[in-house]
Amino acid sequence: MASTLLFVFSLLLLPLPSFSKTCSSHTFSKNRLFATCHDLPHLSAALHWTYDAANSTLSIAFAASPSHSGGWVAWALNPTGSGMVGAQAVVGLRQSGGSLVAKTFNISAYGPVTPSPIAFETWGLEAEEDTTGIMTVFAKLKLPSNVTKMNQAWQVGPSSTDGLPSKHDFGVENLNAKGTLNVVSGQSSGGGTDSRLKEKNIHGILNAVSWGILLPIGAIIARYLKAFKSLDPAWFYLHVLCQLIGYALGVTGWGIGLNLGSKSKGVRYTTHRNLGISLFSLATLQITALFLRPKKDHKYRAYWNIYHQVVGLAIILLGIINVFRGLQILNPAQKWMDAYIAVLCILGGITLVMEVTTCIIARRRKTDGSMKQYNGSGAASDQHGVQQPLSA
Ligand SMILES: *[C@@H]1O[C@H](CO)[C@@H](O)[C@H](O)[C@H]1NC(C)=O
Ligand SMILES: *[C@@H]1O[C@H](CO)[C@@H](O)[C@H](O)[C@H]1NC(C)=O
Ligand SMILES: *[C@@H]1O[C@H](CO)[C@@H](O)[C@H](O)[C@H]1NC(C)=O
C-alpha cells in the first residue's frame with residue numbers, strides 16, 4: 001500500500017509534458033548539464049549556459065520550438081547592437097538530407113543569410129530535437145576576456161531550404177525576442193515587453209476607433225438621419241461633430257504610427273504606411289473642402305456634394321482596409337479582431353436597414369407629392385443645402 005502511494009506521488013512529481021520546454025525539466029543527450037538556465041520571455045525559448053571565467057568560455061544550449069515542424073531555431077550574441085543586425089548567431093536547422101546541424105551566421109543586414117564564421121571562436125556545434133518538437137542547439141564560444149554582459153537575441157523560423165534558414169514571422173513575439181545576457185551574474189533579460197508595444201497598441205486603438213468606427217458612423221448619420229425632417233438640422237451638427245472627433249483622433253493615431261515607422265529599422269510595413277498617408281491626405285482634403293463649399297443654391301453645389309460623398313466613401317473604405325492591415329501586423333488576441341468585425345457587422349446592418357427605410361420614405365414622398373407627413377413643423381427645408389432626395 002505504502003509503495004503504491006509512493007509510486008503515485010512520484011508520478012505527480014514528474015514534470016508535465018507541456019512544460020518540458022522550461023528550464024527545470026529539460027534534459028539533454030550525453031548527460032550534458034549547465035550551471036544556469038533562463039526561460040526567455042518570448043517564443044517559449046530557454047537558454048542554458050555555463051560560463052568558465054578562467055578561460056572566458058561560454059557553453060550554451062538554446063532550446064525552442066521552430067514555428068513549424070522542419071523549421072529552425074537561432075540564438076545570437078550581438079556585440080555591436082541589439083536585435084538582428086550585427087547578431088553573431090548559432091542556428092539549428094535541417095540539411096536538405098534531413099539531418100540536424102548547427103551552423104554559425106554573421107548577420108550584417110536584414111535579408112537572406114549564409115553560413116559564415118562569427119566574431120567569437122566557436123566549437124562544439126550540435127543540434128538535436130526531442131519528441132515534442134523542441135530543438136536544441138549546443139555551442140561553446142570564446143568571449144573577449146573582459147566582456148561579461150552582452151546583448152542577446154533569439155528567433156524561430158518555419159523551414160529551411162538547401163541548409164539555409166527561411167524568413168521568420170514578424171509578429172510581436174518575434175520582434176521582442178531580444179535582451180541582455182550577463183554570463184557571470186547569471187542574469188538574462190528578454191528586454192521585458194517591447195516599449196514600443198504600448199505605443200503600437202495606442203496607435204491601433206486610436207485609428208481603429210477613428211478611421212475604422214467614428215467616420216463610418218458619421219457618414220451613416222449624414223446619409224440617413226437627414227431623411228427625417230424632424231432631425232434637421234440636428235443630423236448636420238452630429239455629422240460634423242462625429243467627423244471632427246474622428247479626424248482629431250485619427251490624426252493623433254496617424255502621427256504615432258508614423259513615428260513608430262521611423263523608429264522601426266529593417267521591418268517596413270509599406271502598404272500600411274502608404275494607406276495611412278493616403279487616408280490622412282484625403283481626410284484633410286475633406287475638411288479643407290468644407291471651406292470651399294458653394295452656397296446651397298449655387299449651381300456647383302450639386303458637384304461639390306458628389307465630390308464630398310465620393311471622397312467620404314473612399315476614406316471609409318481605405319480606413320476599414322487599413323484597420324485590418326494594422327490588426328494583421330499587430331496580431332493581438334483574436335477577440336480584438338472579432339470585436340472589430342462585430343462592430344462592422346452592426347454598422348453594415350444599420351446601413352442596410354436605413355438604406356431601405358429612407359428609400360421607402362423618399363418614394364412615398366414622391367408619390368404623395370406632399371411632404372406634410374415628414375415636415376410637420378414646417379421647418380426650413382434643406383437648411384444646409386445638401387441635396388434633397390436620398391434616392392437620387
Ligand atoms: C576552458 O575550460 C574548460 C574547463 O575548465 C574546458 O572544458 C574548455 O575546453 C576550456 N576552453 C578553452 C578555450 O580553453
Ligand atoms: C561580419 O560581417 C561584418 C559586416 O559584413 C564584417 O565587418 C565582419 O568582419 C564580419 N565578421 C566576421 C567574423 O567575419
Ligand atoms: C577589453 O580588452 C580589450 C583588449 O584587451 C580592450 O581593447 C577593450 O577596451 C576592453 N574593453 C573593456 C570594456 O574594458
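Each ligand, and each atom within it, is numbered from 1 in the order the structure gives. Residue numbers start at 1 and run along the sequence shown. No experiment lies behind these values; they were computed from the predicted model shown.
- Residues that satisfy the ring pair (Phe, Tyr, Trp, His ring centres under 6.0 Å) test with H239, not counting sequence neighbours, are absent from this structure.
- When heavy-atom distances to ligand 2 are checked against 4.0 Å, the residues falling inside are N106, S108, P117, I118, A119, ordered by chain and number.
- Taking the six-membered ring where the residue is Trp, F28 and H48 present perpendicular rings, their angle passing 60° and hence far from 30°.
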Return a table of donor-acceptor pairs under 3.5 angstrom between the side chains of residues 94-102 and protein atoms on other chains or two or more places apart.
{"unit_1": "R94", "atom_1": "NH1", "unit_2": "G98", "atom_2": "O", "d": "2.6"}
{"unit_1": "R94", "atom_1": "NH2", "unit_2": "E129", "atom_2": "OE1", "d": "2.4"}
{"unit_1": "Q95", "atom_1": "OE1", "unit_2": "K103", "atom_2": "NZ", "d": "3.4"}

Residues 241-258, side-chain donor-acceptor partners within the protein, below 3.5 Å, at least two apart:
{"unit_1": "Q243", "atom_1": "NE2", "unit_2": "L215", "atom_2": "O", "d": "3.3"}
{"unit_1": "Y247", "atom_1": "OH", "unit_2": "T284", "atom_2": "OG1", "d": "2.8"}
{"unit_1": "T252", "atom_1": "OG1", "unit_2": "A248", "atom_2": "O", "d": "2.7"}
{"unit_1": "W254", "atom_1": "NE1", "unit_2": "G276", "atom_2": "O", "d": "3.1"}

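- Not less than 6.0 angstrom separates the ring centroid of F62 from the ring centroid of F138.
- Ring geometry, H168 versus F170: the interplanar angle falls from 30° to 60°, so the pair is classed tilted.
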